[in-house]
Amino acid sequence: MTTTQLPDERGYFGAFGGRFVPETLVPAFDELSAAYAKAKSDPAFWHEFHSMARVYIGRPTPLYEAPRLSAHLGGATILLKREDLAHTGAHKINNALGQGLLALRMGKKRVVAETGAGQHGVATAAVCARLGLQCIVYMGEIDVQRQSLNVFRMRLMGAEVRPVASGSKTLKDAINEAFRDWITNVRDTYYLLGSVVGGHPYPAMVRDFQSVIGQETREQALSEYKRLPDYIVACVGGGSNAMGIFYPFIGDSSVKLIGVEAAGKGLETGQHAASLVGGRPGVLHGARSYLLQDEAGQIKETHSISAGLDYPGVGPEHSYLKEIGRVQYVAINDTQALDGFKMLSVMEGIIPALESSHAIYHAAQLARTLEKDKLVVINLSGRGDKDMHIVAEALGVKL
Amino acid sequence: MSTRQAGAQSRIAQAFEGHKALIAYLTVGYPKLETCLELVPRLEEWGVDMVELGIPFSDPLADGSTIQEASFHALQNGITPQKCLETTGKLRRKVSIPLLFMGYYNPILNYGLEAFCHTSEMAGVDGFVVPDLTPDEGAELEAATQRHRLDLIYLLAPNSSDSRIKLVADHSRGFIYLVSLTGVTGARQQLAAGLEDFVVRVRAKTDLPLAIGFGISGPEQAKRAAAVADGVIVGSRLIQLIKEDSSYGKVKEFITRLRQAIG
């Protein structure tokens with residue numbers, strides 16, 4: 001089986017993935033798998049997805065050549081895949097749209113979702129408003145406080161935001177609570193999971209919806225530069241933007257793929273969110289994958305300046321791609337990410353999300369070492385408006 | 001006796017013989033590490049037939065607020081799978097009823113399936129319930145538990161299809177854990193309406209004992225559950241009562257009434 005045909009019928013990417021869920025959810029996962037398999041092979045479904053992607057999300061997003069940044073670095077040519085220009089400000093909307101359309105097909109009128117920073121919650125709220133679906137978003141109490149603007153955006157679009165007070169009160173607890181809601185309301189509810197994590201079929205399905213990013217990048221590179229990029233760099237929390245841009249290039253061995261995790265305050269401090277670089281395999285939220293866990297198998301609390309990377313697990317396909325060596329995974333700390341953030345803002349007049357800033361920093365370091373004719377694509381997964389107060393605080397600026 | 005003879009019926013299966021089994025759930029280390037050591041012998045004395053010892057996990061996604069909170073506090077008390085094994089080893093010298101572990105998969109996987117089963121057998125554990133493991137992913141743990149004469153108990157829910165019932169019936173050992181409702185653990189006022197139909201559907205496919213859990217909080221519900229099944233499991237309500245009354249007076253009253261109700 002070639003890499004691009006994975007997962008297998010049990011949802012495995014090599015030793016990673018699967019479906020570790022309570023029995024109560026098995027019928028729901030089976031129903032979802034069947035519905036997605038049917039939709040996936042239905043051209044009408046993809047026609048609807050792509051036409052709404054065009055007029056509602058604003059796709060295709062540009063592949064933008066960053067001239068001043070490239071010149072400043074004095075090495076390779078940097079290209080930005082502008083997911084920050086997608087509706088609601090990040091790549092999350094691609095998956096929310098795909099799954100929203102699927103929920104509609106399945107006749108589910110009630111959608112639940114989890115959110116960390118709020119980007120997936122906002123995207124889901126938008127799609128549910130557009131499709132006329134009831135939307136309930138679970139969000140950790142700490143995230144509700146630090147991302148109050150996104151909470152307000154979700155509520156404006158008609159979503160109900162439910163703060164989660166259990167555990168670490170952040171993203172992983174919001175996922176737990178969304179699962180509990182789904183277990184309880186399993187017959188009429190659709191769980192719109194926001195990343196390439198969870199039990200089968202979520203990792204493959206979310207990847208498929210996000211791979212519109214990589215397909216466009218491929219077409220744009222071929223049309224503009226008559227060749228494929230040499231490097232693609234993307235940040236990895238759960239890993240959906242990275243899977244989305246990597247996937248259509250997995251079979252192209254000339255294209256080097258680099259996933260950038262959050263090293264937080266430094267890998268050596270233990271306060272980070274780099275599951276692949278600093279963790280080991282285990283089972284969380286329905287899949288076997290790399291995890292940050294203590295010696296007793298309890299899931300650790302994570303830290304990153306970027307809330308969207310602040311998650312102790314990672315999609316199982318990334319674990320597999322690490323294991324087979326197809327993708328290189330590195331980790332960039334908070335300070336470096338802030339440098340990347342400032343660099344892009346000053347050089348190109350584009351304020352990136354803190355998540356994407358991890359990829360920017362690493363790509364910048366890499367580009368310096370390369371010849372001018374090399375093409376380095378950065379997946380600019382989101383815009384930075386949501387991060388203004390966090391950056392201001394980190395820079396010691398009072399707003 | 002810490003292990004049973006090969007070929008003999010398991011201690012778990014024996015607990016269902018001749019009468020309806022009353023099964024109690026406790027989270028190890030809640031509210032204190034000693035609670036289990038104090039309480040399990042008394043539960044046996046008051047008529048409990050089997051005890052599930054909950055191994056706390058940081059992310060208990062099948063549990064409602066009561067057991068979430070108990071797990072959280074138990075972890076803060078420093079409880080690990082190793083401490084659960086040690087506690088069970090001590091309990092095994094005090095009680096003769098079957099002792100089960102109820103715990104999520106990751107801490108067990110992290111311990112090492114073979115090592116965990118081996119140490120469990122040595123400690124006198126009789127079986128496991130793993131709420132986020134189904135037969136689809138259970139082959140490795142099934143093999144390891146069988147090597148160490150432990151029962152691996154799978155769960156079924158009211159929305160389980162006939163093919164799922166068949167699968168679980170083929171793989172579960174000791175008994176089958178029937179989740180009374182589509183939902184997480186937690187005390188509730190009423191049992192689900194379709195409970196009897198659900199039990200009848202499962203009964204038609206297996207001779208294994210059937211025990212009903214999730215949501216049972218009083219004698220009336222227990223009686224109704226015991227009328228159709230072979231055993232009744234109580235957890236969240238018990239934990240609430242332990243919290244309310246550290247002298248265990250309320251627990252004794254609750255267990256005594258349940259025992260009378262289910263016969």
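Here is how names work: the chains are called A, B, and so on, in the same order as the sequence lines, proteins then strands, and each is numbered from 1. Note that these values count all heavy atoms, side chains included, but never hydrogens, waters or copies made by symmetry.
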So which residue, A:Ala296, A:Ser168, A:Ser166, A:Ala28, ends up with the most heavy-atom pairs under 4.5 Å with chain B? A:Ala296
Over all heavy atoms of both residues, which pair between B:Val168 and A:Glu23 is shortest? Give the atoms and the distance, please. CG2-OE1, 3.9 Å
Minimal non-hydrogen separation, B:Asn110 against A:Gly297, with atom names: ND2-N, 3.1 Å
Could you tell me which portion of A:Asp294 (side chain, backbone, both or neither) has an atom closer than 4.5 angstrom to a non-hydrogen atom of chain B? backbone
For the residue pair A:Gln298 and B:Pro107, what are the closest heavy atoms and their distance? NE2-CG, 4.3 Å
Is it the side chain or the backbone of B:Ile108 that comes within 4.5 Å of chain A heavy atoms, both, or neither? neither
Check each atom of A:Leu291 against the heavy atoms of chain B and say whether the ones under 4.5 Å are side chain, backbone, both or neither. side chain
Do other residues, nucleotides or ligands put more than 12 heavy atoms under 6.0 Å from A:Asp188 CG? yes
Counting only heavy atoms closer than 4.5 Å, note whether B:Phe57 contacts chain A via side chain, backbone, both or neither. both
Among B:Pro60, B:Gly138, B:Ser160, single out the residue with the greatest number of heavy-atom pairs under 4.5 Å to chain A. B:Pro60
Taking side chain as everything from C-beta outward and backbone as N, CA, C, O, which of these in B:Pro56 sits under 4.5 Å from a heavy atom of chain A? Side chain, backbone, both or neither. backbone
If I measure from the heavy atoms of chain B, does A:Arg19 come under 4.5 Å with its side chain, its backbone, both, or neither? both
In terms of heavy-atom proximity below 4.5 Å to chain B, should A:Pro27 be classed as side chain, backbone, both, or neither? side chain
Return yes when atom CD of B:Gln82 has more than 12 non-hydrogen atoms of other residues, nucleotides or ligands closer than 6.0 Å, and no otherwise. yes
Measure distances from A:Val21 to the heavy atoms of chain B and classify the residue's part below 4.5 Å as side chain, backbone, both or neither. backbone
For A:Pro22 and B:Ala62, which heavy atoms make the closest approach, and how far apart are they? CG-CB, 4.1 Å
Counting heavy atoms not belonging to B:Glu244, are there more than 12 under 6.0 Å from its CD? yes
Atom CG of A:Asp181 and atom CG of B:Leu61: how far apart are they, to the nearest 0.5 Å? 12.5 Å
Could you check whether B:Asp59 pairs with A:Lys172 (Lys NZ or Arg NE/NH1/NH2 to Asp/Glu carboxylate O, under 4.0 Å)? yes
Residues in residues 271-286 of chain A that sit under 4.5 Å from chain B, counting heavy atoms only: A:Arg280, A:Gly282, A:Val283, A:Leu284, A:His285
With a 4.5 Å limit on heavy-atom distance, are the side chains of A:Arg10 and B:Asp136 in contact? no
Check whether A:Glu177 gets within reach of chain B through its side chain, its backbone, both or neither, counting any heavy atom under 4.5 Å. side chain
Just one of A:Thr24, A:Thr184, A:Asn185 clears the side chain to side chain contact (heavy atoms under 4.5 Å, CB included) bar with B:Thr182, so which one? A:Thr24
